[in-house]
S.K.: 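Structure incoming, see below.
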Amino acid sequence: MNKLLQPNRFRNINILVLALFLILLAGAVTYVQERMLFCDASYICFHVLNLDRFCISEHRYGSFITQMFPLIAGKLQLPLSGVILLYSISFNLFYLTVAALLIFRYKNTLLALLMAFYYILFVSHTYFWTNNEIHQATAWMFLFFGFMLHFKNRTYSWWLHLPLFILLAGLSIFTHPLILLVFPFLWFFFLSGENRPYNILQSVLLTLLLAGIVVVKYLLMQESAYDKQKIPGITLPAILNIFSSPMAGIIMKKFISHYYFVPVIFIWGLYSAFRIKKYKEIVLTIGFAFGYFTAVCLTFDSFIPFYHESEWMPFTIIVAAPFVFYTIPRLNSTIATGIIIIIFVTRIVSIGIAGEKFTERKDWIYSTLDQMKKQEITKGYIYTGDEKTDNILMMPWGLPLESIIASTLQGDMSRRTFFADNPEKVAERITQAGKGFVSSFWVEQAQSLNSYYFPVDTSTYQPVYTDR
């Protein structure tokens, strides 16, 4: 086994990686409402409880690992405060578990460090947007590569390895489309090294198998209204002018002002690889980094922190790989430890600063519910268009479910709920609703809701008058 992968050489790094994931887990407890009363988390939690089944869309099957927490909690009829706490920690508990398996089961400190960089290097606001399945897909991917790289040390047969290989690869690739841009990079990165786990024949066969899984996922994306629109239109002129695109200009500035560790690690890692003549890995890294950069810049032309941080996070896996595998092992242990501490602490502080915005948003929801209580209404609406309110909300589509969950948490006997939209849409949604419940994207009848968690009356929607 490669000495560079032995945990004894990097005991401090093992501790730091586990400490990071424990801190992120603690944050999931501290910021439970900030995370769960925001967009997709409320949407999925509500529908899991209301329908009593998984809420998996776009064939993103790997998300079952976190959804099983609110599903089981709902079947046990735990208080909603306990349900959302379990759901909030489920994400970070999953990531911590995978990191622990990489360190203790697969003895792969460096792979665990690369995984840690994914969950911290490009993270501030997106820490509070838990439900982008790319994070769960990435955890499945790192578990897959830990399992793959440990193949030479297996105590079981090839025929047992193969089905687990297919299962973990499938969970990773199917759980989010962005994995299609990263998974092949790590696959060829590890196969090109001297510690590749498979012989040539095995490598070819498994590569063809993975290609088949990728093709199936891509074809399913073509049938999806949501995923298909995220596939960029790539042309030669667009690629040649990629650095003049709006997103390229935005992200280059942010590499200097906020995500400054990313370019430093990228350049340092390539320099280390060059010094030890890892030319294939250099070409591979630059090629995939440029490909990922191009894909994101062609897909998006603006930057909403909580959303687009998630879209850029997989990019860090590509650019950080040479640093993790070629720079860190050749640094003095004390220096390597110090560098990692500086990176982790700086990024954790960024998460804490970003948390203020989501706390403000949570408080705004409760303030609006209090105003509804004063007006003696249980169903309300407000108009979007006010700059201050829109900045607080960021995205308003989840408000019907965020508000009914918040109302349940504060103990309202008849749950209060409200939505926000422009005047034309508000009138349309009220007409459609009648005495029903305006959900995020459709109207539901009051009697169709889970009466244990979300009892609502049959009153009509009224305007919410606020002081804001």
Side-chain angles (χ1 to χ4, degrees), residues 32-51 79-81 83-84 128-129 306 357-468:
V32 56
Q33 293 197 26
E34 284 83 350
R35 284 155 57 99
M36 294 296 102
L37 297 180
F38 184 62
C39 293
D40 303 69
S42 292
Y43 178 86
I44 292 177
C45 188
F46 176 88
H47 286 289
V48 166
L49 293 175
N50 198 47
L51 301 175
L80 189 60
S81 57
V83 175
I84 67 167
F128 301 90
W129 187 43
F306 82 86
K357 186 171 183 64
F358 291 86
T359 298
E360 180 185 27
R361 188 181 190 278
K362 176 202 70 175
D363 292 342
W364 183 92
I365 292 173
Y366 280 111
S367 176
T368 303
L369 290 173
D370 290 341
Q371 188 63 33
M372 291 175 64
K373 190 173 185 179
K374 291 177 183 178
Q375 293 178 222
E376 298 183 345
I377 61 176
T378 56
K379 295 176 181 175
Y381 62 85
I382 63 172
Y383 293 124
T384 56
D386 175 73
E387 184 177 355
K388 181 179 179 181
T389 299
D390 290 349
N391 286 337
I392 291 173
L393 288 178
M394 293 178 273
M395 282 193 178
W397 66 264
L399 279 175
L401 308 180
E402 296 163 5
S403 57
I404 197 171
I405 290 174
S407 177
T408 304
L409 293 174
Q410 67 179 9
D412 293 333
M413 292 303 294
S414 184
R415 307 300 192 248
R416 302 181 192 280
T417 177
F418 65 91
F419 69 93
D421 217 324
N422 63 56
E424 182 179 348
K425 288 291 186 180
V426 165
E428 180 182 330
R429 296 175 80 176
I430 290 175
T431 300
Q432 292 175 344
K435 295 182 178 181
F437 168 70
V438 173
S439 187
S440 291
F441 303 112
W442 54 78
V443 172
E444 299 189 40
Q445 297 305 308
Q447 59 268 26
S448 70
L449 302 186
N450 184 320
S451 60
Y452 181 78
Y453 288 110
F454 309 116
V456 296
D457 58 34
T458 55
S459 62
T460 56
Y461 279 82
Q462 304 295 325
V464 181
Y465 300 107
T466 67
D467 298 329
R468 296 177 295 277

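Computed from a prediction, not measured in an experiment: that's the story for all the values here.
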S.K.: Mind listing the closest non-hydrogen atom pair of Ala433 and Val438 along with its distance?
M.R.: CB-CG2, 3.4 Å
S.K.: Could you pull out the closest heavy-atom pair between Gln371 and Val464, with the gap in Å?
M.R.: CG-CG1, 4.2 Å
S.K.: Tell me if the aromatic rings of Phe38 and Phe128 count as close, with their centers under 6.0 Å from one another.
M.R.: no
S.K.: Is there a side-chain contact between Lys357 and Phe306 (heavy atoms, below 4.5 Å)?
M.R.: no
S.K.: Using 0.5 Å steps for rounding, measure from the OG atom of Ser439 to the CG atom of Leu399.
M.R.: 11.5 Å
S.K.: Locate the shortest heavy-atom distance separating Phe358 from Met394; write the atom from each residue and the value.
M.R.: CE2-CE, 3.6 Å
S.K.: Do the side chains of Arg361 and Glu402 get nearer than 4.5 Å, heavy atoms only?
M.R.: yes
S.K.: If I take atom OG from residue Ser440 and atom CE from residue Met395, how far apart are they, to the nearest 0.5 angstrom?
M.R.: 12.5 Å
S.K.: Please tabulate, for the side chains in residues 415-423, all donor-acceptor contacts under 3.5 angstrom to protein atoms that are two or more places apart in sequence or on a different chain.
M.R.:
unit_1 : atom_1 : unit_2 : atom_2 : d
Arg415 : NE     : Thr408 : OG1    : 2.9
Arg415 : NE     : Tyr453 : O      : 3.0
Arg415 : NH1    : Asp412 : O      : 2.4
Arg415 : NH1    : Met413 : O      : 3.3
Arg415 : NH2    : Tyr453 : O      : 3.3
Arg416 : NH1    : Ile377 : O      : 2.6
Thr417 : OG1    : Pro400 : O      : 3.0
Thr417 : OG1    : Ser403 : OG     : 3.3
Asp421 : OD2    : Arg429 : NH1    : 3.1
Asn422 : OD1    : Glu424 : N      : 3.2
Asn422 : OD1    : Lys425 : N      : 2.8

S.K.: Between CD1 of Ile365 and OG of Ser407, what distance do you get to the nearest 0.5 Å?
M.R.: 11.5 Å
S.K.: In Å and rounded to the nearest 0.5 Å, what is the OH to CG distance from Tyr366 to Leu409?
M.R.: 4.5 Å
S.K.: Output the distance between atom CD1 (Ile392) and atom NZ (Lys362), rounded to the nearest 0.5 Å.
M.R.: 13.5 Å
S.K.: Check whether any side-chain N or O of Gln33 sits under 3.5 Å from a backbone N or O of Ala406 as a donor-acceptor pair, and report yes or no.
M.R.: no
S.K.: Hey, could you give me each pair passing side-chain hydrogen bond (donor to acceptor under 3.5 Å, both in side chains) that has a residue in residues 376-385? Not counting sequence neighbours.
M.R.: Thr378-Asp457, Thr378-Ser459
S.K.: Tell me whether Thr460 contacts the main-chain N or O of Lys435 through its side chain, where contact means a donor paired with an acceptor under 3.5 Å.
M.R.: no
S.K.: Is there a side-chain contact between Leu369 and Met372 in this structure, where contact means two heavy atoms from C-beta onward sitting under 4.5 Å apart?
M.R.: yes
S.K.: For a quick test of reading the model, state the closest non-hydrogen atom pair linking Gly436 to Tyr461 and the distance between them.
M.R.: O-CE1, 3.5 Å
S.K.: Quick one, Tyr452 and Leu49 - any side-chain contact, counting heavy atoms below 4.5 Å?
M.R.: no
S.K.: Looking only at heavy atoms, what is the nearest atom pair of Leu449 and Val456, with distance?
M.R.: CD1-CG2, 3.6 Å
S.K.: Find the distance between CG (Asp40) and CG (Leu401) and round it off to the nearest 0.5 Å.
M.R.: 10.5 Å
S.K.: How close do Asn50 and Asn450 get, heavy atom to heavy atom, and via which atoms?
M.R.: OD1-N, 2.5 Å
S.K.: Among residues two or more places apart or on two chains, list those pairs meeting side-chain hydrogen bond (donor to acceptor under 3.5 Å, both in side chains) that have a residue in residues 390-401.
M.R.: none
